[in-house]
Amino acid sequence: MGELITELPVWRFQAGHMAAAADRVAVEEPLEIRLQGDPFQVLMRLPGWEKELALGFLYTEGIVLDLSEVITIHFCGTATDPLLPPNVVDVQLTDRALERRGRRHLEVAYSSCGLCAKEALNELCRATAPVVSDLRVTASALLDLMGRMQQEQTVFQETGGTHGVALATIDGDFFLLAEDVGRHNAMDKVIGRALLQRRDLSRMVALLSGRISFEMALKCIRAGIPILAAISAPTSMALNLAQELNLTLAGFVRNQRLNIYTNPHRLVGVAAKVSKS
């Protein structure tokens, strides 16, 4: 794995004085994903978990639907294929999975300039299966898991330049954290590693260090993750998508408080109050 942090010169202004110093900065490098040797996508990412990132990306983009559709994953850094140039992952897929590579969700949502947000959402909802899970969690468990994620974000603590995403069981016995310069990459990394470990994503909670965007909600839905909690706010499109496709969204999960925005039936003690109101 490449270095995650580098030191670079900086001019620091403090208390009226300017002085030269060194600052610790998160490393950002390109990763090219190839399918059957053909270039497919370039992601700017923090080094590490390259195979997981590629697999998670292909899974949350709807190209890979099951791990059985992945024949091999080669990353040049593992020396399994010395012919690959640096920062390239080559994924060999079954023919059925390869047929889906032209139907990525961002093309559905944004390829037509005449496609309004409501039409894009409706089209995605028709093409995406809703989350199916009876998982329930307490507010205190969500707060504890979020606190644990913040404590384990070591690269962020040193640089302030990364996002964190964690997958966890509600009791915390399984806890998986990834950091990256892109929140989408961090989500794909933890999903990819959970898939390789054959974990049941329908029994997991996803935790974000930032806001909940439409794309982050969609990745969780496609992965079958029932609860997505973030330290910050959701966007309106994320809320609309989550409501339609049965994803529970919690925002501002910090300082012993949180907001439940969609599908509150998965929060212990909330469903009964909602039904009464």
Side-chain angles (χ1 to χ4, degrees), residues 33 40-41 43-45 52-67 69 97 100-112 115-133 135 163-168 176 178 180 182-195 199-251 253 259-263 266:
I33 299 174
F40 179 69
Q41 181 78 29
L43 303 174
M44 300 303 297
R45 97 303 182 198
E52 290 89 343
L53 174 56
L55 176 59
F57 176 80
L58 295 172
Y59 191 74
T60 59
E61 290 291 324
I63 296 166
V64 170
L65 301 184
D66 189 84
L67 193 57
E69 295 181 328
R100 304 187 195 105
R101 59 183 157 184
R103 300 203 302 268
R104 295 169 53 199
H105 78 79
L106 290 179
E107 292 177 353
V108 172
Y110 306 116
S111 62
S112 172
L115 192 64
C116 73
K118 185 176 180 180
E119 290 170 341
L121 180 63
N122 290 340
E123 187 170 346
L124 272 173
C125 289
R126 286 192 297 269
T128 306
V131 177
V132 178
S133 174
L135 184 69
H163 296 280
V165 176
L167 279 181
L176 180 66
D180 203 280
R183 60 173 61 89
H184 305 83
N185 296 340
M187 176 69 81
D188 287 337
K189 283 181 176 180
V190 291
I191 289 174
R193 177 157 288 191
L195 289 171
R199 301 283 180 176
D200 184 357
L201 291 171
S202 70
R203 311 307 298 172
M204 299 283 174
V205 173
L207 307 154
L208 310 184
S209 64
R211 64 183 175 86
I212 303 175
S213 65
F214 164 82
E215 294 92 346
M216 296 296 277
L218 183 58
K219 285 180 181 293
C220 279
I221 292 166
R222 278 205 159 123
I225 299 167
I227 300 170
L228 175 58
I231 200 169
S232 191
T235 66
S236 62
M237 279 288 284
L239 293 178
N240 291 337
L241 186 71
Q243 186 61 47
E244 288 293 323
L245 294 177
N246 201 29
L247 173 67
T248 298
L249 287 191
V253 184
N259 294 341
I260 305 300
Y261 290 93
T262 61
N263 298 296
R266 294 196 179 96

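Keep in mind it's a predicted model, so treat the numbers as computed, not measured. As a basis for the values below, the full set of heavy atoms in this structure was taken, side chains included, without hydrogen atoms, waters or symmetry mates. Numbering starts at 1 and runs along the sequence shown.
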Minimum heavy-atom distance between [X] and [Y], given as atom pair plus value:
{"X": "K189", "Y": "D180", "answer": "NZ-OD2, 2.7 Å"}
{"X": "N185", "Y": "R45", "answer": "ND2-CB, 3.3 Å"}
{"X": "V131", "Y": "P226", "answer": "CG1-CA, 3.6 Å"}
{"X": "N246", "Y": "P130", "answer": "CB-CB, 4.4 Å"}
{"X": "F57", "Y": "K219", "answer": "CD1-NZ, 4.5 Å"}
{"X": "A238", "Y": "L249", "answer": "O-CD1, 3.8 Å"}

Can you tell me how far apart [atom1] ([X]) and [atom2] ([Y]) are? Round to the nearest 0.5 Å.
{"X": "F40", "Y": "I63", "atom1": "CZ", "atom2": "CD1", "value": "3.5 Å"}
{"X": "L208", "Y": "M187", "atom1": "CG", "atom2": "CE", "value": "5.0 Å"}
{"X": "L241", "Y": "M216", "atom1": "CG", "atom2": "CE", "value": "13.0 Å"}
{"X": "L218", "Y": "L228", "atom1": "CG", "atom2": "CG", "value": "11.5 Å"}
{"X": "L207", "Y": "I227", "atom1": "CG", "atom2": "CD1", "value": "10.0 Å"}
{"X": "Q41", "Y": "R101", "atom1": "CD", "atom2": "CZ", "value": "13.5 Å"}

Can you list the steps and then say if R199 with L176 is a side-chain contact (heavy atoms from CB on, under 4.5 Å)? CA-CA 11 Å; R199 301 283 180 176; L176 180 66; over 6 Å; no
Step by step, would you call L55 with L67 a side-chain contact (heavy atoms from CB on, under 4.5 Å)? CA-CA 9 Å; L55 176 59; L67 193 57; 3.8 Å; yes
Any chance you could lay out the side-chain contact (heavy atoms from CB on, under 4.5 Å) test for R183 and R211, step after step, and finish with the verdict? CA-CA 9 Å; R183 60 173 61 89; R211 64 183 175 86; 3.8 Å; yes
Under 3.5 Å, side chain of N263 to main-chain N/O of L247, donor-acceptor pair present? yes
Show the numbers, then the answer: is there a side-chain contact (heavy atoms from CB on, under 4.5 Å) between L135 and V205? CA-CA 9 Å; L135 184 69; V205 173; 4.2 Å; yes
Partners passing side-chain contact (heavy atoms from CB on, under 4.5 Å) against A223 (at least two apart in sequence or in another chain): Y59, I191, L201, I225
Just wondering, do L65 and R100 contact through their side chains at under 4.5 Å, heavy atoms? yes
Decide yes or no for S202 and V132: does some side-chain heavy atom of the first lie under 4.5 Å from some side-chain heavy atom of the second? no
